[in-house]
Protein chains: 2
Amino acid sequence: MLLCTRIAKALADDTRLRALASLGGGELCVCQVIALLGLAPSTVSRHMAVLDQAGLVEKRKVGRWAYYRMARKSPEPAVRNALRWVVDSLGSERVIRQDAGKLERIRQKPLQITARCYACA
Amino acid sequence: MLLCTRIAKALADDTRLRALASLGGGELCVCQVIALLGLAPSTVSRHMAVLDQAGLVEKRKVGRWAYYRMARKSPEPAVRNALRWVVDSLGSERVIRQDAGKLERIRQKPLQITARCYACA
DNA sequence: ACTATACTTCGTCAATCAACGAAATATAGG
DNA sequence: CCTATATTTCGTTGATTGACGAAGTATAGT
């Protein structure tokens with residue numbers, strides 16, 4: 001499969017685009033993305049794995065916590081340009097801005113609180 | 001569905017990316033794309049329709065012939081940037097360059113010849 | 001060591017998708 | 001008008017996908 005195809009496949013889903021866009025403001029813990037999206041942890045974990053395999057995000061594990069960030073420094077121009085395209089294009093979308101607002105609140109809580117009750121975000 | 005998602009879905013397939021990239025050198029007739037890809041006409045027609053519905057290409061019908069070109073002048077920035085991303089990223093792919101070579105030969109034949117025998121390309 | 005917890009992997013189900021061939025549509029040419 | 005032809009639409013089929021919950025892994029705290 002072409003690299004472009006792999007990247008496009010990773011981007012070809014509303015939920016994954018929201019997850020990726022949520023990282024625009026900086027690194028997030030998986031539990032914060034789960035709280036944002038309101039989906040099952042297993043589902044979100046899978047989505048992040050797909051983004052990771054496409055090279056669009058980078059993962060950092062600290063104890064039990066997993067952090068993801070946009071792969072803005074990727075050696076692949078295709079990845080960097082895809083990220084630019086996504087960030088530019090999604091900025092004007094209603095859902096994405098709503099997410100940004102919700103994220104502001106999520107970021108203010110300690111991770112433990114967020115992980116304790118995802119729905120309480 | 002987000003506009004970005006629709007675009008990414010349209011790009012999330014090797015065959016469709018090849019079809020789109022083939023338009024990089026200018027407008028093509030559907031029969032030329034069929035000859036290039038070596039797939040059933042109905043399949044190629046469907047792929048072009050998907051690209052069209054995502055706004056990535058524009059269609060022009062002249063008699064029985066259908067011509068497609070990249071929608072480089074699209075009013076949607078998301079579309080224009082997606083096209084730039086694709087063109088930039090696919091240029092270095094082996095298959096795409098092979099296709100470009102094959103296209104050179106296809107372009108030299110009259111459309112009637114190409115349409116008469118797709119496999120003869 | 002034992003337990004709680006953060007995340008991932010796996011199995012399943014319904015929905016979507018790409019491919020094809022057959023049939024439909026539409027246009028050109030006799 | 002009638003036929004040939006370029007493309008599209010439709011129906012089918014096998015493969016992929018996204019969702020979930022259950023089970024597994026790994027780490028922190030007691």
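Computed from a predicted model, the values in this text were never measured in an experiment. We name chains A, B, ... by the order of the sequence lines, and we start the count at 1 in each one. Heavy-atom basis, side chains included; hydrogens, waters and symmetry copies ignored.
Under 4.0 angstrom from either OP1 or OP2 of D/dT7 there lies no side-chain N or O belonging to B/Tyr68. In this model, the phosphate group of C/dA18 is approached by a side-chain N or O of B/Arg16 to a distance below 4.0 Å at OP1 or OP2. For the OP1/OP2 pair of C/dT5 and a distance below 4.0 Å, the side-chain nitrogens and oxygens of A/Tyr118 include no atom meeting the criterion. For the pair B/Lys59 and D/dT8, the criterion of a side-chain N or O lying under 4.0 Å from OP1 or OP2 is met. Within the 4.0 Å cut-off from OP1 or OP2 of D/dG18, not a single side-chain nitrogen or oxygen of A/Ser42 is found. A close approach under 4.0 Å does not occur between any side-chain nitrogen or oxygen of B/Arg46 and OP1 or OP2 of C/dA18.
One interatomic measurement links the two molecules: OH of B/Tyr67 to P of D/dA6, which rounds to 11 Å at whole-angstrom precision. Residue B/Leu111 contributes atom CG, which lies 15 Å from atom C1' of C/dT27 at whole-angstrom precision. D/dT17 atom C1' lies 15 Å from atom CG of A/Leu39, rounded to whole Å. At whole-Å resolution of the value, CD1 in A/Ile34 and P in C/dA6 are 10 Å apart. Put simply, CG on A/Asp14 is 14 Å from C1' on C/dT16, counting in whole angstrom units. The interatomic distance linking A/Met48 (CE) with C/dT8 (P) rounds to 9 Å, in whole Å. When the P atom of C/dA18 is taken as reference, atom CE of A/Met1 falls 12 Å away, rounded to whole Å. What separates CD of A/Gln32 from C1' of C/dA6 is a distance of 13 Å, to the nearest Å.
Comparing C/dT8, D/dT7, C/dA18 by their closest approach to the side chain of A/Lys61 singles out C/dT8. Nearest to the side chain of A/Arg116, among C/dC7, C/dA18, C/dT5, sits C/dT5. Of the candidates C/dT9, C/dT5, C/dA6, the closest approach to any side-chain atom of A/Ser45 belongs to C/dT9. Which of C/dC7, D/dT17, C/dA19 sits closest to the side chain of A/Lys9 comes down to D/dT17. Of the candidate nucleotides D/dA6, D/dG21, C/dC7, D/dA6 has the atom nearest to the side chain of B/Arg64.
Considering B/Leu11, B/Leu17, B/Asp14 in turn, B/Leu17 is the only one that fulfils the side chain to side chain contact (heavy atoms under 4.5 Å, CB included) rule with A/Cys4.
If A/Val44 and A/Gly63 are placed on DNA chain D by their nearest nucleotide, the residue sitting closer to the 5' end is A/Val44. Mapping A/Ala12 and B/Pro41 onto DNA chain D by nearest heavy atom places B/Pro41 closer to the 5' end of the strand.
At a cut-off of 3.5 angstrom, counting only N and O atoms as typed in the model, there is no donor on one side facing an acceptor on the other between the side-chain of A/Thr43 and the base of D/dG18.
In the displayed structure, A/Arg107 atom CZ is contacted under 6.0 Å by more than 12 heavy atoms of other residues, nucleotides or ligands.
Taking 4.5 Å as the limit, every side-chain heavy atom of A/Arg16 sits out of range of all side-chain heavy atoms of A/Leu37. Residues A/Val33 and A/Tyr68 form no side-chain contact, since every pair of their non-hydrogen atoms from C-beta on lies 4.5 Å or further apart.
The pair A/Asp52-A/Lys59 fails the salt-bridge criterion, with no side-chain N (NZ, NE, NH1 or NH2) lying under 4.0 Å from an Asp/Glu carboxylate O.
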A/Arg80 vs A/Leu83, side-chain contact (heavy atoms from CB on, under 4.5 Å): CA-CA, chis, key distance, verdict: CA-CA 5 Å; A/Arg80 294 197 308 271; A/Leu83 285 175; 5.8 Å; no
